[in-house]
Amino acid sequence: MSHLLPSRRAFVRATGAGAAGAWMLGLAACRRAADSAAEAVRTGEPARVLGEDEIRTLDALAGRIIPADGEAPGASEAGAVLFMDHYLADDAGALDAVRAGLAELAAGFADLPPDRQDQAVARLEKEKPGFFGLVQFLTSVGTLADPAHGGNRDKVGWAMIGFDDRHVWQPPFGAYDAAAAGDEA
Amino acid sequence: MSARAVTRRGFLTAATRVRYQEAEEVDFVVIGSGAAGGVMARELSRAGHSVVVLEQGPYRKAEDFRHDGYGTWIRGDMLGDEPVTFRRTAGDAATPDWINGLPAIVYAHTVGGASVHFTANYWRFRPVDFQERSLLGPISGTGLADWPITYEELEPYYTKVDWDVGVSGAPGPNDPPRSRAYPHPPLPVKSSGVLFERGARAMGWNPYPAPMAILSEPRPGRSACVHCGYCMGHGCEMNAKSSTLASMIPEAEATGRCEIRAESTVHRIETDDAGRATGVVYFDREGVERAQRARAVVLSANGAESPRILLMSESSRFPDGLANSSGLVGKYLMFNGNGGVRGVFEEPLNEFKSVQVTRVCTDWYDTDPKRGFYGGGGMDGRCLFTEPALFAVAGLPPDAPTWGIEYRRMLAEYYTRVMDVATHSTSLPLDTNTITLDDREKDRFGRPSVRVTYEDHPDDLKMVDWLQAHAHDILEAAGAKRTWSQPAAAQSNGFHLLGTCRMGNDPAASVVDRWHRAHDVPNLFVCDGSSLVTSGRGQPTMTIQALAFRAAEHIAEAARKGDI
C-alpha cells in the first residue's frame, strides 16, 4: 500500500531511518494524555512527570525542531513541551526512552546558543535516530494538534500552516475552484 | 407498548425505545450495525419483524462527534483496543504488533461501524465485475469466479441505496445502466477536483463528479454537508454523511420493533440438534455472558468479524466452524489495491475544507489482457492528510527536512498547497489470504483474536504501479510543481475486508447461496463485505449495501412464506 495510507506509519517514514519505529504509540497512553492535557490547560497545574531541567531541555529541542521564524512563533512559543509532559506521563516506555536520550545529550544544551544547539540536533538525528524521531514526533504533534491536547497555544501552530478551524465553509474553498468558478461566471 | 413520545425530528425518545428480553425469541438477531447490518435492521423491522441488533461498539451519535483530528487520526479513538495479529504467509509467525502505525484491520467499534468514518465514495460495481471468470477465463492459483448474480439483478438495489441511504452525484461516461437518476446533485467541486479534472482531460481521459454518500442538500431529519472538513475518519455531527447511523438506524428504531443493543460483543451463534441457529451468545458491557434467542440470525459483522464468529461457533456438529462445510469461511480475503501520488501546487487549495473527493475517473476499469496482468481500477482527486498534526508526520515528501527552519517553512508552504490522486483497484482472491483464529492471542473477553494472513497477488501490485504512473501524469498535466509517491508494496493493513464468506450456487465452493443463506444452516444469513466474490475496483460499500437490501427483501419474503 502506498504512502498515502493515512496512518501513523508515515511517522516512521517521516522521521527518518525507520529506527523511530522501534517504539509504538501507546494508544491508551495517548487517550489519557490528551484528557489530562486538556485538564491541565484548564487548571494551569504544574508538569506531571518531567522535571524542570527536562522541561527546559525538551523545550529547547522543540525550539530547534520547529523554530520561530522572525516574529512568527514556533514549537517553544506554542508550548509543545506541555503536550509532551502529559503524553510521557502516561507512557512509561516512551518516558524511559526520552530520559535515556536526554542523559546522552550534552549537558547544558538548553543554555547553548542556537547555532551550537543546531549542531547538536544534527548529530542527534544521525547518531540517536530513535530518540530524535520520538522528540520530533512529539514536537510536531504538540505544535499542531488541537490546543485542548496541551500544545498549539493560542492556535499559533495552525496559524503557521494556514489551517483555520472555522468548521463550517462554503465554496469557493481554494484558489483553483475559485478561479474555475470565475471562469464560468 | 406505551404511547410513543415523538421528538421534533420524528424519532422515538429513549424512554419508549423497544427493549426485548433475552429469553424472548425475537424474529431476527442482526450481528453488526454497519453498512450491511444497519440496512438489514431497517428493512427487516419495517417488514414487521422483531429485531435485536448486537453491536460491539458503543452508541455514539451525531452530537457525540468532535472535530478532533488528533483524537481520530493519531490516537485512534474509535478503533477497538483488542489485539489483532498479522502475518504475511502461513509460514510466518503472526504478531500483534501494529504495522505502519495501525492494526491489521481498521474499522470503528461504534454503532454504524465503518460507515460512520468512511470516505463515502459510492461506486457501483459494473457488469464485468460479476462475470470476469467467464470473460477472462480462470487464473491459475486464484479463486477468480463468477458471481451467482448479475449486475442487472442487483441494479434495483443500487438504486435503493442511492435514494434511501442518500447519494449525491451525476452520471459519468462509463456508468453501468441505472433505472433512476441520482437523488441529489454533486457536492461543490474543490480545488483538488478542478486540478484532477484539468490534468485528466489534458491526458485525454474522462473525469466526472464523484458519487458520494454525503448529502449535498437536506433531507427530512438530516442536514446537508456544511463542508467542515472533518470528514474521512470522523463521524459527521450534521448527519450529512450517509452512515447507517444517520440513515438506517433511526428509521429502524422508529418502527418500534428494532432494538440497538450496543456494547454487546458476540461470542457464538448457538445451534440445536437439528443444525438450526437458535440464538446468539454475547458479552455485555460488564463482560457478563448473555444469550439472545432468535428465530433466525443475520451475520453482518464485516469481512473479518463474520468469519471469526463462524469459526468461534464450532461445535461437534460443525467441527470446522459454523456454516463451513466448504472450508471457505475466512478464505479469499481481499483488501483492494490502494495507491496514490501526491503533488504540490503554486496556489493554496485549502483541502482541509469540505469532503475528501469531488472528481473521479474510471477509464481504466476493465481488465486489459494487453497490459500483461489481471486488474482494473479508477482514481480520484483528494487530499488525505488534512489533519494538521498528521500532515506534519505524513504529508511531506520523503526527502523533506525533518527539523529546523526549512522544515518549518516547508510545513507552512505545503500544507495548503498539496493534493493527492488516489488509485483504487482490484485484488485477486487467493485461498492463502485469510482470516483465522489466532492460536495464542485473546481479547479481553477471552475470545481468540483475529489473525490476518495477507500477501497481494503480483498482478494486484502491478495494477497499483500502472495506475500510479497515470496519476503522476495527471498531476503534472495539471501543473504540479512537484509530485511524489512510493512503489506498490505488499499491504499489511486492510480497510476493505472482502471475500471471506463468498456467495455461490455450489455449496462446495461457497459459504452462502445467492440469497446470502448459509448452505449449511437454513436460518442463518451472512451479508456484508465477506459476501463479495470478487473485489471490484475499490469502494465496496455501495455494493455491500445493495446486497443487503436485496437479501433483506428476500429474507422478509421467505419469512412470510414460512421458508426460514
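Just so it is clear: chains get the letters A, B, ... in the order the sequence lines come, proteins before strands, and each one is counted from 1.
In this structure a side-chain-to-backbone donor-acceptor pair under 3.5 Å is present from A:D177 to B:S191. B:Y415 contributes no side-chain N or O that, together with a main-chain N or O of A:W158, makes up a donor-acceptor pair within less than 3.5 Å. A donor-acceptor contact shorter than 3.5 Å links the side chain of B:K353 to the backbone of A:F173. Counting only distance, with no hydrogens or angles, the side chain of B:R408 and the backbone of A:P67 share a donor-acceptor pair below 3.5 Å.
Under the 30°/60° scheme for interplanar angles, the aromatic rings of A:F83 and B:Y70 are found to stand perpendicular.
The distance from the OG1 atom of B:T386 to the CZ atom of A:F163 is 8.0 Å, given to the nearest 0.5 Å.
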From CA spacing to verdict: side-chain contact (heavy atoms from CB on, under 4.5 Å), A:F132, B:T402: CA-CA 10 Å; A:F132 171 81; B:T402 55; 3.7 Å; yes
Derivation of the side-chain contact (heavy atoms from CB on, under 4.5 Å) call for A:V141 and B:V393: CA-CA 8 Å; A:V141 176; B:V393 164; 4.2 Å; yes
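When the candidates B:A412, B:P188, B:P388 are compared by the number of heavy-atom contacts under 4.5 Å with chain A, B:P388 comes out ahead. Between chain B and the options A:G157, A:G63, A:S140, heavy-atom pairs under 4.5 Å are most frequent for A:S140. Between chain A and the options B:S354, B:G229, B:G69, the largest number of non-hydrogen pairs under 4.5 Å is found for B:S354. Between chain B and the residues A:D118, A:T143, A:T139, the largest count of heavy-atom pairs under 4.5 Å involves A:D118.
B:Y414 does not touch chain A: none of its heavy atoms, backbone or side chain, sits under 4.5 Å away. Within the 4.5 angstrom heavy-atom criterion, no atom of A:A159 approaches chain B. Proximity to chain B (any heavy atom under 4.5 Å) is shown, for A:A122, by both the backbone and the side chain. Heavy atoms of A:N152 lying under 4.5 Å from chain B are absent altogether. Neither the backbone nor the side chain of B:R417 comes within less than 4.5 Å of any heavy atom of chain A.
Minimum interatomic distance between A:I65 and B:Y407 (heavy atoms only, all atoms of both residues): O-CD2, 3.5 Å. Annotation for B:C228 and A:H167: closest pair CB-O, 2.8 Å, computed over non-hydrogen atoms. Closest approach of B:L411 and A:L144 over heavy atoms only: CD1-CD1, 4.5 Å.
Side-chain N/O atoms of B:H67 and A:D146 include no donor and acceptor closer than 3.5 Å. Looking only at atom types and distance, the side chain of A:Q136 has no donor-acceptor partner in the side chain of B:W403 under 3.5 Å away.
Annotation: A:D164, atom CG; neighbour count of heavy atoms from other residues, nucleotides and ligands within 6.0 Å is above 12. For B:K481, the NZ atom is densely surrounded, since the number of other residues' heavy atoms within 6.0 Å is greater than 12. Under a cut-off of 6.0 angstrom, the local environment of CD in B:E413 is crowded, with over 12 non-hydrogen atoms contributed by other residues, nucleotides or ligands.
Contact of the B:I405 side chain with the A:D69 side chain is registered, since non-hydrogen atoms from C-beta on lie closer than 4.5 Å. Proximity of A:Q170 to B:V226: side-chain heavy atoms (C-beta onward) are nowhere separated by under 4.5 Å.
Taking the centre of each ring, B:F196 and A:Y176 stay at or above the 6.0 Å mark.
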